[in-house]
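Both backbone and side-chain heavy atoms feed into the values below; hydrogens, waters and symmetry mates do not. We number each residue from 1, following the sequence as shown.
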Amino acid sequence: MKNSLAVGFNGCGRATTSLHLPALSSLPGLRAVAACDVDAAALRAASERFGIAKTYSDYRDLIADPAVEAVAICTPAPSHAE
């Protein structure tokens, strides 16, 4: 989609797959382009369900991806500061 914001998701747990990604898919101008999670099974399930081609196991790789214009931090609150 042209003129859309490319969003990466850090964390692929329940909040991401039940709330954030479904909501994003209904908003014009936003698209999920990458996902990251240390849990390989959760990452695979989210990326397959929502058609996200780029996946990472390290958040530093996600934020270094030049195709990612914004990042949604969807990990447990204690890990947000890092």
Side-chain angles (χ1 to χ4, degrees):
M1 172 184 251
K2 191 175 178 180
N3 297 324
S4 62
L5 183 65
V7 182
F9 284 82
N10 185 32
C12 294
R14 183 197 58 78
T16 302
T17 59
S18 297
L19 303 170
H20 299 294
L21 282 168
L24 180 133
S25 68
S26 69
L27 298 172
L30 296 175
R31 60 192 164 88
V33 297
C36 177
D37 203 298
V38 295
D39 180 331
L43 178 60
R44 184 175 45 258
S47 65
E48 289 175 0
R49 178 176 170 196
F50 293 96
I52 301 171
K54 292 184 174 186
T55 59
Y56 300 100
S57 60
D58 188 316
Y59 75 92
R60 291 172 285 240
D61 295 328
L62 173 72
I63 61 175
D65 184 335
V68 175
E69 299 172 312
V71 175
I73 306 299
C74 303
T75 58
S79 68
H80 287 192
E82 184 181 347

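- Atom-to-atom distance recorded for D37:CG and F9:CZ is 13.0 Å, nearest 0.5 angstrom.
- When side chains are defined from C-beta on, C36 counts as touching N10, because their heavy atoms get closer than 4.5 Å.
- Scanning for side chain to side chain contact (heavy atoms under 4.5 Å, CB included) contacts around A34 gives K54, Y56, L62, V68, with sequence neighbours left out.
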Audit row: C12, L43, side-chain contact (heavy atoms from CB on, under 4.5 Å) steps and yes/no:
CA-CA 6 Å; C12 294; L43 178 60; 3.9 Å; yes

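- Residues satisfying the salt bridge (Lys or Arg N to Asp or Glu O under 4.0 Å) criterion with D58, sequence neighbours excluded, are R60.
- Applying the side chain to side chain contact (heavy atoms under 4.5 Å, CB included) criterion to L5, with sequence neighbours excluded, gives V7, L30, E69, A70.
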Side-chain donor/acceptor pairs under 3.5 Å, residues 13-23, sequence neighbours excluded:
unit_1: T16; atom_1: OG1; unit_2: G11; atom_2: O; d: 2.8
unit_1: T17; atom_1: OG1; unit_2: G13; atom_2: O; d: 3.2
unit_1: S18; atom_1: OG; unit_2: R14; atom_2: O; d: 3.2

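- Looking at every heavy atom in both residues, S57 comes nearest to V38 through O-CG1, 3.7 Å.
- For A64, the side chain to side chain contact (heavy atoms under 4.5 Å, CB included) criterion is met by no residue, not counting sequence neighbours.
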